[in-house]
Protein chains: 2
Amino acid sequence: MNIQKLIDKGLKLKSYPKDSVIYEPGMQPRYVYFIKSGEVRMVTVSDEGKEFIQGVFKTGQYFGEPALLTDRPYLAFTIASRDSQIISVNKEDFFKLIENEPNFSMELIRNLSNRLFYKSMMLEELASEKADHRLLTMINYLLTDIKAGENLRVTRQELADMTGLRVETVIRGMKLLAGKGLIKTVKGKIVKV
Amino acid sequence: MNIQKLIDKGLKLKSYPKDSVIYEPGMQPRYVYFIKSGEVRMVTVSDEGKEFIQGVFKTGQYFGEPALLTDRPYLAFTIASRDSQIISVNKEDFFKLIENEPNFSMELIRNLSNRLFYKSMMLEELASEKADHRLLTMINYLLTDIKAGENLRVTRQELADMTGLRVETVIRGMKLLAGKGLIKTVKGKIVKV
DNA sequence: ACTTATTTATGATCTAGGTCATGTTTGAGG
DNA sequence: CCTCAAACATGACCTAGATCATAAATAAGT
C-alpha cells in the first residue's frame, strides 16, 4: 500500500511522539493505522505486569486490521517506539481500499498470512522449547531482516519481552549461544555473519 | 465458501481415514484444503517429541493457505482427527477463487484475522501467564463454541497439548479451577453453565 | 459381560528458569 | 571529559511445573 496515495486522498496524518500510546486494551477498534514514518510496538501486559511484545511495525507498514475486522476490543497496547507519523483510516475507507485498490486485498491476505506464520512459529517455541532454543530462534528470525556485517539493534530486555523470558535468562543464554558459536556477538551486540 | 460449489467445479474429493497425515513439516505447500466432512488437527512437534496443537479445523472450514501464500514449507503436521473428506485446491485455482468468487477474499481476510486474534491471545498466555490462568483461558475459549448444558468433548491430554502444559498439570489445574467454581465439571467433563 | 486400551488421578521428586541483590560497563547529554 | 541513566552481568536462592511411578476409573471392542 502506498502511503502517499492515502495522503492524496485527503486522509489526515497525526504525529505520535515517542512512547505515546496509539490504542490500549479494551478499546473498541475504529481505525487501521498506516505508518508514514517511525515505528510502533504492540505489547500485551499480564495481570502481574509482565510485558510481551506481540509485534513491531515500521515505516510503510500498517496495523490494527484484525481487531477492526473481527470487531473485538483490542488485546494489546500499541505504543510509538520513536516519534511517528500515522494515518488513521476508518472502517468505511478501509473497506473501500480493499474493494477498489488493485492488489491491495491480495497484499493484505499475504501480509496476514505472514504474521500468522510468525505467530505459529513463536507459539510452538513458547509451548514446547526451552529458553536457549527460543532465544536462538528469535535471534535468527530477527537476523533475516538485516545484512551480513550489520548488528541487531535490540536490547536484551527487548529479546526477553519477545520470547517470554527474563533479562537474566537472555543474558546467560546469549553467553552460552555465543560460546557454542551459534551466534556472533561484538561488544555485546549480535552481528550477522 | 460453499464446498458444493467446489465439487461442481469438478475438483476432486479425497478421503483421509482417521489418523492419516495430510501434510507434514518440511513439505512444500501445493494446495489449500477444504473440509467437506470430518475434522483435522494441526500439530507441531518439538525436537524432544512434545506435541502442540496449533489449531483444529472442522467441516466447512479450510486450512493451509498461509503456507501456500507465503511459499514457505509447512511447520506443522496436519492429521485427520477422524475419517474426513477433503478437497485439495491448487494454487492457481485458489487464486481464481479469490479473484472471481464474490465475497470470498473478504471472508478469507476475516478468517485470517480471527486466527491471528486467537494466536495473539495464546501467545500472551504462553509468554506471561501461569498454568491455571492459561488453562482457564483455553477452556473459556473452547466453551464459546458450544451451548449451555453441553460439555466439552476434549481430553485432558488435548488441553495439555493446546496449552503447552503436561497432562498432570492440567488434571491438577482443573481440580483447582473446579474447586474455585471457575469451571463446572460433571463426570470429569467440563460443562458450560 | 469380559478384556484391553485409554483416560484420569495422586503422591514423590527434580530442575530450568524465575527472583532477588548487588555490581560493572556503556553511552548519551551537558 | 564528566555525569548519570540505561543496559549488561553474575552469584545465590526459590518455586512452579515437569518428570517419574503407580494405580484407579472409563470407555471401547469382541
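Chain naming here is simple, since letters A, B, ... match the order of the sequence lines and numbering starts at 1 in each.
- Atom-to-atom, CG of A:Asp161 to P of C:dG18 comes out at 12 Å; the value is rounded to the nearest Å.
- Ring orientation note: the planes of B:Phe57 and B:Phe63 are tilted relative to one another, at an angle of 30° to 60°.
- As a whole-Å value, the separation of A:Ile171 CD1 from D:dA6 P is 16 Å.
- With B:Glu51 contributing its side chain and B:Val43 its backbone, the two residues share no donor-acceptor pair below 3.5 Å.
- Between the side chain of B:Lys119 and the backbone N or O of A:Met122, no donor-acceptor pair lies under 3.5 Å.
- The shortest distance between the side-chain N/O atoms of B:Lys175 and the OP1/OP2 oxygens of C:dT10 is below 4.0 Å.
- Between A:Thr169 and C:dG17, a side-chain N or O to OP1/OP2 separation shorter than 4.0 Å is absent.
- A donor and an acceptor atom, one from each side chain of B:Asn111 and B:Arg115, are located under 3.5 Å apart.
- Salt-bridge check for A:Asp71 with A:Lys91: passed, with a basic side-chain N closer than 4.0 Å to an acidic carboxylate O.
- Residue A:Lys187 places at least one side-chain N or O under 4.0 Å from the OP1 or OP2 atom of C:dG27.
- For C:dT8, one of the phosphate oxygens OP1 or OP2 lies less than 4.0 angstrom from a side-chain nitrogen or oxygen of B:Lys189.
- Bending across the helix from C:dA1-D:dT30 to C:dG30-D:dC1, expressed as the angle between its end axes from five pairs apiece, amounts to 60° (10° rounding).
- Between the CG atom of A:Leu135 and the P atom of C:dA16 there is a distance of 17 Å, rounded to whole Å.
- Spacing between atom CG of B:Asp132 and atom P of D:dT15 amounts to 17 Å, rounded to whole angstrom units.
- Atom CG of B:Asp19 and atom P of C:dA5 are 16 Å apart (whole Å).
- Counting atom types as modelled, A:Glu168 pairs a side-chain N or O with a base atom of C:dC20 as donor and acceptor under 3.5 Å.
- Judged by distance alone, the side chains of A:Tyr23 and A:Thr78 do bring a donor and an acceptor atom under 3.5 Å apart.
- As a whole-Å value, the separation of A:Lys130 NZ from C:dT15 P is 13 Å.
- If you check distances only, the side chain of B:Arg153 never reaches the base of C:dT7 with a donor-acceptor pair under 3.5 Å.
- Residue-to-nucleotide proximity on DNA chain C shows that, of B:Thr155 and A:Leu165, the 5′-proximal contact is made by B:Thr155.
- Side chain B:Arg166 to base C:dT8: no donor-acceptor pair is found below 3.5 Å.
- The base of C:dG17 has none of its N or O atoms less than 3.5 Å from a complementary donor or acceptor on the side chain of A:Arg134.
- Here the P atom of nucleotide D:dA7 and the CG atom of A:Asn151 are 16 Å apart, to the nearest Å.
- Atom CG of B:Leu159 is separated from atom P of D:dG17 by 16 Å (rounded to the nearest Å).
- A continuous path of ILVMFWY side-chain contacts below 4.5 Å connects B:Leu75 to A:Leu126, so both sit in one hydrophobic cluster.
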Discussion item. Does B:Glu39 form a salt bridge (Lys or Arg N to Asp or Glu O under 4.0 Å) with B:Arg82? I'd like the steps, not just the answer.
Written reply: CA-CA 6 Å; B:Glu39 180 178 313; B:Arg82 57 175 89 147; 3.1 Å; yes
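- Checked against D:dG17, D:dA12, C:dG11, the side chain of A:Arg172 finds its nearest nucleotide in D:dA12.
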